[in-house]
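One structure is given below, encoded as structure tokens.
The sequence lines fix the lettering, A, B, ..., with proteins before strands; numbering per chain opens at 1.
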Protein chains: 2
Amino acid sequence: MNEKSNSLKNDSKADKKREALQLAKTYLQTLGFNGFSFQTIADSLGIRKASLHYYFSSKEEMGLELIKDYESAYKLWSAKVADLSAAQKLEKLVSMFLKISEQGQYICPTGVLTSDYNTLPAKMKKKVKDFHFMQREWIIETLEQGKKERTFRQDLDTKITADLIMATLQGGLQLMRLRGEKDIVKKMCHAVFESFYA
Amino acid sequence: MNEKSNSLKNDSKADKKREALQLAKTYLQTLGFNGFSFQTIADSLGIRKASLHYYFSSKEEMGLELIKDYESAYKLWSAKVADLSAAQKLEKLVSMFLKISEQGQYICPTGVLTSDYNTLPAKMKKKVKDFHFMQREWIIETLEQGKKERTFRQDLDTKITADLIMATLQGGLQLMRLRGEKDIVKKMCHAVFESFYA
DNA sequence: TATACTCTACCTACCAGTAGGTAGAATTGC
DNA sequence: GCAATTCTACCTACTGGTAGGTAGAGTATA
């Protein structure tokens, strides 16, 4: 009475919420936060819009969970690359963004949320900022690691360089969307990274 | 009945349309194309929403006129700097973006429209692309000018560098919005431009 | 009087969110 | 072991509000 019914029900329990969040991520990164609605997700999921409110009390809350998801994914990722050299870490960072861009019209979550920033609910604004500073901190630390490892120039301004990397990746994905040429982000990043080396 | 009424009415003739377009630009660059409505503009303008349809048959058409405006402003600007050196031209380009960023929460029009791209009407998508390629062409030519002038490195890849400049400016303004630090765009650009010189 | 401009009044479609209900599974009390 | 109850995972039907857009009347100016 459990083995069999489990196989039937297992996937339609609490991970329907996960499915919804996954869809929301797709829509967020392709259409922006104001570009999709509960209806959009409900239709894709095959349930009613009202039922989504069973999982998320409001769109704002769904947005907050979305960012929390991105954050924990980033933390997981950075733990996985923790033992690499600074140069390798940056290479992996670019790969991650390249993977985003490969999925067609996707752009990076922080980029979308920054564009939509002024229309976002207050709590989401704060979360977006926090997420940004988290990513920035990681890049700064990685650049400092590279200086200690003597692979990066000692006079590298890690803060400005971190901003530069973020802007390049964020802006790069957006150019990619417009032009469809998959390799421009890679080329751009390598043009930037060149100047780091000692 | 004319002298006096003129001073009162003069500005409310055909340039009411210009006023509307100016407001639309503000809203576009702060809230995105889906972040404002005819209602928003009508309220700010002190007229009814329906009256706006006298000037713009649809929001799509208003969007198209908006981009046309940006385009002609860009052409005017590039004509004005035509006689400068390549290095000076790039400096002026940065100044233009800095001026945008100074107006608080403004980001660059191409950046916004790229973020909203997938929700845009077809004709607007095409216009956005055209505008992008126009800007790109200008930067490529300017970089080539700099190579001829022997101020820029001869092995500079003008196409990739043009993309890099655009991504940096576009992404930079977006970081600015999030962080509020006005000088990061300037610093980032100078960090990039450094590597151009011979 | 003609035309330029703005209005009221309305439309349909969609938005986020709420009220209240239900089938069935899980848990509890005896 | 079985009935009473509660919880899960949805549902239908609706609210108030906004979106883009239209028809046609009213008003001002030349």
Side-chain angles (χ1 to χ4, degrees), chain A residues 1-24 27-28 31-66 116 118-124, chain B residues 1-21 23-24 27-28 31-66 116 118-125:
Chain A
M1 58 135 103
N2 33 21
E3 291 283 305
K4 262 222 278 220
S5 61
N6 258 356
S7 63
L8 256 168
K9 298 241 101 210
N10 238 0
D11 54 56
S12 68
K13 281 191 86 163
D15 40 14
K16 194 134 224 171
K17 186 175 178 175
R18 287 190 62 81
E19 262 183 83
L21 273 174
Q22 191 49 52
L23 277 165
Y27 291 132
L28 176 72
L31 306 172
F33 191 69
N34 299 314
F36 71 95
S37 66
F38 268 35
Q39 192 64 63
T40 324
I41 295 174
D43 289 349
S44 301
L45 219 54
I47 62 170
R48 296 303 138 130
K49 186 189 58 150
S51 309
L52 269 180
H53 282 278
Y54 172 71
Y55 300 106
F56 311 99
S57 64
S58 67
K59 199 184 176 187
E60 172 175 6
E61 201 190 302
M62 197 192 64
L64 291 170
E65 288 207 40
L66 229 46
D116 293 341
N118 291 324
T119 69
L120 255 35
K123 281 179 193 169
M124 281 189 70
Chain B
M1 58 132 105
N2 34 21
E3 290 283 307
K4 263 221 272 202
S5 61
N6 256 357
S7 62
L8 258 166
K9 297 239 106 209
N10 236 2
D11 53 57
S12 69
K13 282 191 83 161
D15 40 13
K16 194 135 224 171
K17 184 173 179 176
R18 285 192 64 80
E19 262 183 83
L21 273 173
L23 277 165
Y27 290 132
L28 176 73
L31 306 171
F33 192 69
N34 299 314
F36 70 96
S37 65
F38 268 36
Q39 193 64 63
T40 324
I41 295 174
D43 289 348
S44 301
L45 220 55
I47 62 170
R48 297 303 142 129
K49 186 187 59 154
S51 309
L52 269 178
H53 282 278
Y54 173 72
Y55 300 106
F56 311 100
S57 65
S58 68
K59 198 184 177 188
E60 171 173 6
E61 200 190 303
M62 197 192 64
L64 290 170
E65 288 206 39
L66 230 44
D116 293 341
N118 291 323
T119 68
L120 255 33
K123 281 180 194 167
M124 280 189 70
K125 282 191 185 178

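- A straight line from NZ of A:K49 to P of D:dC11 spans 13 Å, rounded to a whole angstrom.
- One atom, CD of B:Q39, and another, P of C:dT6, lie 16 Å apart when rounded to the nearest Å.
- When heavy atoms are screened at a 4.0 angstrom cut-off, B:F56 is found touching no nucleic acid atom at all.
- Aromatic ring orientation, A:H53 versus A:F38: tilted (interplanar angle from 30° to 60°).
- Residues B:K123 and B:E61 are not paired through a salt bridge, judged by the lack of any N-O separation under 4.0 Å between the basic side chain and the carboxylate.
- Counting any heavy atom pair closer than 4.0 Å across all strands shown, A:Y54 reaches a base atom.
- Note: CG (A:L120) to P (C:dA16) measures 13 Å, nearest angstrom.
- For A:T40, whose side chain is taken as the heavy atoms from C-beta onward, the closest listed nucleotide among D:dA19, C:dC15, D:dT12 is C:dC15.
- Between the CD atom of B:E60 and the P atom of D:dA19 there is a distance of 19 Å, given to the nearest Å.
- The listed nucleotides are C:dT8, C:dA16, D:dC11; the one nearest the side chain of A:R48 is D:dC11.
- The CD-P distance, from B:E19 to C:dT6, rounds to 10 Å in whole Å.
- Remark: B:K16 fails to qualify as a cation-pi partner of B:Y54 under the 6.0 Å distance and 45° angle criteria applied to the six-membered ring.
- Nearest heavy atom pair, residue B:F33 against residue B:D116, reads N-OD2, 2.7 Å.
- Taking atom CZ of residue A:F38 and atom C1' of nucleotide C:dC15, one finds them 11 Å apart after rounding to whole Å.
- For B:K59 against D:dG21, no side-chain N or O and base N or O form a donor-acceptor pair under 3.5 Å.
- The separation between A:N34 atom CG and D:dG20 atom P is 12 Å, rounded to whole Å.
- OP1 or OP2 of C:dC7 has at least one side-chain nitrogen or oxygen of B:S51 nearer than 4.0 Å.
- For A:L52 and C:dC14, the CG to C1' distance is 16 Å, given to the nearest whole Å.
- Residue B:G46 is the one, among B:G46 and A:F36, whose nearest nucleotide of DNA chain C lies closer to the 5' end (criterion: closest heavy atom).
- Looking at heavy-atom distances under 4.0 Å, A:S37 makes contact with sugar-phosphate atoms alone, never a base.
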